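The block underneath contains the structure these notes are about, expressed in structure tokens.
All figures in this text were calculated on a predicted structure; none of them were measured in a lab.
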Amino acid sequence: MLIKNKLLLALAVVSLQSMARESVDLSSLGWNITLDTQAQWNSDELYVSPVNVAALPVHQPTGGWQLLDAPQKRNVQLPATVEGELWGWNGQTYGVTGNYVGVSWFNTSVDVPANWTGKRITLQFDAVRFRAEVFVNHQLAGYDLVNSTPFSIDITPYVKLGQKNDVAIRITDPNGNFNWKDSQCYAWGNYLTNPSHGFGGITGRVHLCATDRTYIDDVFVENTPVPSVVKVHVAAGGLTADTPLVMELRERGSQKVVWRHNDQMTTAEKTIEASLPQARLWSVDAPNLYELTLRLGNDEVKKRFGFRWFEVRTVKGDKQFYLNGKRITLVTAISWSFWPDNGITPSRELAYKQVRDAKQLGMTMLNFHRTIGNTDVLDAADELGLLYFEEPGGNQYPAGKFDDGTLYTKFYFDYRNEKLARMIRRDRSHPSLVIYNLHNERGASPQAEDRREMQMGHRLDPSRILTYNSCNGKNPEGEPDDHFKLHLMPNDTTFYNVGWWDNHHAGGPGVYHDYIYKGKDNYLRYSANKGEIVYWGEEGAIGTPPRLQLIRDEILRTGRTTGWEAKDYLAWYDAYDQFLRQRGFSKAFPCVDSLTRQMGNVAYYYQGRVIENIHISNTVDAYAVNGWESMKLENHSGIVDNYRNLKGDADLIARYNRPLYLAVKLTNKVLAVDDTTTTDVYIVNRKNVHGTAQLVLTARDAKGRLLAQTKRKVKVSGGVVYGENLMTGWQWKVTGSGYVSVDAKLVQQGRTVAAGSDRIYAVAMNAKSIEGTCVVADTTGVLAAYLKSQGIQTTDYKAGRPQGDFMIVGAFEPTQFGSGYSDILEWASTGHTVVIVDNPLRWADLLSDKELMDYRGFKQLGRSWYGGNFFCRSHPIFEGLPTDCVFNWEYQCFAAYNRRRVGLRDMNGEVLVGCVSDHRKEVYSALSEIAVGRGRVLITTLDIPACLRGTAAYNKKVDLDGMNESMNTFNTQGMNKADAVGRQLLLNMLRYASGKSSQQAQ
């Protein structure tokens, strides 16, 4: 009898299993892509779900279904886009000319099991872009327009059981962008649609699914203010009678049931509260996950979630973020969600790499910025411990007039709201997701429709913060400004206009600059606004190139050369590699990666130091780097490239995100020997170090010799005081040259409990060995005044053959173009050197005119998210200065975006300082030596004149922008101390021009 019962039980289990939900991933099937270039689509009538498929027009392939017999690409796996597989379909590849706009077909054959008789059979799409018309066996079975969101098509009436079925998806890609902008609605015929990325295809996985007629339609696990308690919301489809509902909860990876609930579904929706007092909470440091199994009749689904609660608390008048009752500061970056190959969707590997990158940098959050997020990325964030901020992207208010205002405005809002609703339903059980935001930098106040949209989203998920806008704004605390601050808080339906202060400074300075820290309460991104959440929402775009060599190696390894970026990266790499090998830079930079990584470090160091600023303020609650990933086109300010390679050394950011260290802040990091700097010290303290302690500060030169030291008794608050000033105003004279280290340690009971450091670069100003008479051609008088202050013998040049030993040219217009001699260049050819430090473009024209320089124009180096970088190699003109390096904070006098930034296309000179800009596949010169007979010309675009003008601290008051007055004296008092590097470079060039280096003089 026992054996018979076991047999019957086994048969019952088999029977139940055969009736349970079955799902087949169709993504790995061989899909074909066919371009339907003759298809008509621009004047189509558009529909937002739900739609009556039977009433829709049927758009077959142009010329009939045989069009799909000759696809442009075969055996493609999903996700896939036309731009990923057929970029340059029209023979054009420059920029975005290879993009495809119009209709394409994605088709395959699918086996449908014969035992699915009586089942509800669906095609479930993770995402498509833009419009999908779904055909099964040449019959229109479904339609969806809400791009980049999940949808399901019931294909039960159209399938043939036990046979192969033809599945064809007609994709319409009507528009789109390849940059960061989402501020303008896009036209599709007479309709306006949300702006989104311009990739057309099936942009997620596709599953063939079979369920009973009664099935689980949706599950939402909602977190509550008691972190160990959640609400489980279950929605059933096809419910015709009371049906048993069983829920079992397990820790992820465990088979042990830690909570179980039996119930009955009597209505289409049901909410059950689940309490697990012993729950292991989810956090960024301990991402503990649970898996909930739900069985409704014969249907079964699993939902993963984490026990946690994210909120805003007010502590002693200061609004702060809290996760599970512990204060947290959000350090994030804005990601436009561009990816390699298909452009719009990551592989699982890249999704996890993205999160690992952020963790390696010590960040606590990332933003889906101006575009809807990706579920694989959220899965990775759930598993690895990273918070997320999400926007639907393009959620604008339609502007302009319509042919029929009522009809088309309703379409737009229905479309916009459906996209937001799908995003929230899809993502609301992810513990990593903590904030929804509707718009980025929208300048208009919310309308009634916007508030309705916010209320709709908040009803779908009341457990999260929902903000109307992430936007620039200057309104002070307490002054209502609803277009800037409007927000909803968890479990609160009240609209608030005060309490959320988000300000953007998208542009960056190009490099860390000494003005970033001027003193206590006087530094970049300091805030005293305790009454609100302070969120610096986009900060410091500094453009740098991608890790071209790593990308090239990956492309060659995989053979994926068809993607929208691949060939551009290969050409980009080749340009850099050729320059390094052919122009004498291989010793300084043995490979392209050594160059691009150092360029990435420029942005990394800047971001790290400003992140430190927000930590020490103790009032700032969130900081967003502008931005996360760079792609081939205009945005290069990402701190990872599009293949998710870190663009620099991770520690340059991670060290400033440590939970405990001493922040050593210097008012001047670059100065001349014997200049004075001021040192302040703060503690970054998320480890609750508290009580009295001794602070010890030590300064040593590059050889380890002690330059200065001080000891102070300090008191540390600890608790939720995460940043605190311990000491201000230690002034000391920097007597050592080169790199000087300033080290701090905090000692309690004889034990060092925290430490930190910073570095200075001190220039030993050296005008020695500049022998002979320097001819000065400069209408401003600044050059002559400076050289005179350095004891250099000068003579003014007006015209004719120079009378002196070497020459410097400033603000002076070249003459004698055309045939014949140039007095200056003919003089140089007899063995003299001319140093050109101003008006370089005109002088390059003259050198080209005289066939001395193969000059092919110039490039203004990019600023902000475009960016451009300088780099140098060993040469006598860099004596006493950093060399074989990219210009970082040490060279802030040249690299900053407010200085002259120009590169010359010098094809024959000896380049000493190279430079690059945005995504141009070439390298330029910022300082070259040009042979002129037995002499030479040094020509530079580096902004040396600015290093001499400084802050206009002259004995005479003059207009520095249009200065024509001759200067007899020069005074460096009040000048930017960091300009010492530029002044020393000038002196070095003159020494070189006079025929000696310091070593030769010795």
Side-chain angles (χ1 to χ4, degrees), residues 512-524 605 608-609 612-613 615-616 652 655-656 658 660-685 689 692-716 723-748 750-766 880-882 888-893 972-981 983-984:
Y512 180 89
H513 202 285
D514 281 349
Y515 77 79
I516 289 169
Y517 184 84
K518 296 181 180 180
K520 185 177 182 296
D521 300 344
N522 186 16
Y523 50 85
L524 195 67
Y605 186 77
R609 296 315 299 263
E612 181 177 67
N613 282 1
H615 287 317
I616 66 176
L652 290 175
R655 67 173 302 184
Y656 301 109
R658 290 174 292 169
L660 176 64
Y661 74 97
L662 296 181
V664 178
K665 307 296 285 187
L666 298 163
T667 56
N668 297 96
K669 283 176 56 63
V670 180
L671 37 65
V673 170
D674 292 331
D675 275 349
T676 299
T677 190
T678 300
T679 307
D680 301 338
V681 179
Y682 301 74
I683 187 171
V684 175
N685 183 13
V689 171
T692 59
Q694 184 182 52
L695 177 65
V696 181
L697 276 169
T698 305
R700 296 184 184 276
D701 67 12
K703 296 182 179 179
R705 294 175 297 202
L706 182 66
L707 301 181
Q709 188 177 59
T710 188
K711 298 180 181 180
R712 308 285 177 91
K713 184 179 180 179
V714 298
K715 185 176 182 180
V716 184
E724 185 174 24
N725 178 254
L726 299 182
M727 185 208 74
T728 58
W730 181 40
Q731 293 188 336
W732 52 285
K733 183 178 289 187
V734 181
T735 56
S737 63
Y739 288 102
V740 174
S741 62
V742 185
D743 298 296
K745 62 179 181 179
L746 191 69
V747 180
Q748 286 183 323
R751 184 173 66 91
T752 299
V753 296
S757 64
D758 198 4
R759 289 200 303 170
I760 287 171
Y761 193 84
V763 182
M765 300 301 298
N766 178 16
L881 299 174
N888 205 327
W889 59 270
E890 298 92 335
Y891 282 100
Q892 59 187 261
C893 62
T972 60
Q973 181 182 0
M975 295 182 69
N976 295 325
K977 292 182 178 181
D979 288 339
V981 167
R983 297 196 297 274
Q984 185 58 56

Taking only distance into account, with no hydrogens and no angle test, what donor-acceptor pairs under 3.5 Å do side-chain atoms of residues 740-747 form with protein atoms, sequence neighbours excluded?
none

Sequence-distant partners of Asn613, side-chain hydrogen bond (donor to acceptor under 3.5 Å, both in side chains), two or more places apart = Lys665
Mind checking the CD-OH spacing from Glu612 to Tyr523? Nearest 0.5 Å is all I need.
-> 10.0 Å
Should Tyr515 and Gln892 count as side-chain neighbours, where that means a heavy-atom distance under 4.5 Å?
-> no
State, with a plain yes or no, whether a side-chain heavy atom of Asp514 is found less than 4.5 Å away from one of Thr667.
-> no
Are Gln748 and Val689 side-chain neighbours, meaning at least one heavy-atom pair lies under 4.5 Å?
-> yes
So which heavy atom on Ile616 is nearest to which on Tyr682, and how close?
-> CG2-CB, 3.6 Å
Under the side-chain hydrogen bond (donor to acceptor under 3.5 Å, both in side chains) test, residues paired with Tyr739 that sit two or more places apart = Glu890
Min side-chain heavy-atom separation Gln984-Leu881 under 4.5 Å = yes
Which heavy-atom pair separates Ala980 from Leu671 by the least distance, and what is that distance?
-> CB-C, 4.2 Å
Pairwise side-chain contact, Tyr761 with Val763, heavy-atom cut-off 4.5 Å (strictly under) = yes
Taking the side chain as every heavy atom from C-beta outward, state whether Asn668 and Asp675 have any pair of such atoms under 4.5 Å apart.
-> no
State, with a plain yes or no, whether a side-chain heavy atom of Leu726 is found less than 4.5 Å away from one of Leu662.
-> yes
Side chains of Lys669 and Asp758: closer than 4.5 Å at any heavy-atom pair?
-> yes
side-chain hydrogen bond (donor to acceptor under 3.5 Å, both in side chains) partners of Asp680, counting only residues at least two apart | Tyr517
Atom pair NZ (Lys715) and CD (Glu724), whose distance is rounded to the nearest 0.5 Å = 9.5 Å
Output, in order, the C-alpha distance, side-chain angles, deciding distance and verdict of side chain to side chain contact (heavy atoms under 4.5 Å, CB included) for Ile683 and Leu660.
-> CA-CA 7 Å; Ile683 187 171; Leu660 176 64; 4.0 Å; yes
Ignoring hydrogens and angles, write down the donor-acceptor pairs under 3.5 Å from the side chains of residues 729-737, residues two or more places apart or on other chains.
unit_1	atom_1	unit_2	atom_2	d
Gln731	NE2	Thr678	OG1	3.3
Trp732	NE1	Thr679	OG1	2.9

Under 3.5 Å donor-acceptor pairs involving side-chain atoms of residues 697-712, not counting sequence neighbours:
unit_1	atom_1	unit_2	atom_2	d
Thr698	OG1	Gln709	NE2	3.1
Arg700	NH1	Gly704	O	3.1
Asp701	OD1	Lys703	N	2.9
Asp701	OD1	Gly704	N	3.1
Asp701	OD1	Arg705	N	2.9
Asp701	OD2	Arg705	NE	2.7
Asp701	OD2	Arg705	NH2	3.0
Thr710	OG1	Arg712	NE	3.1

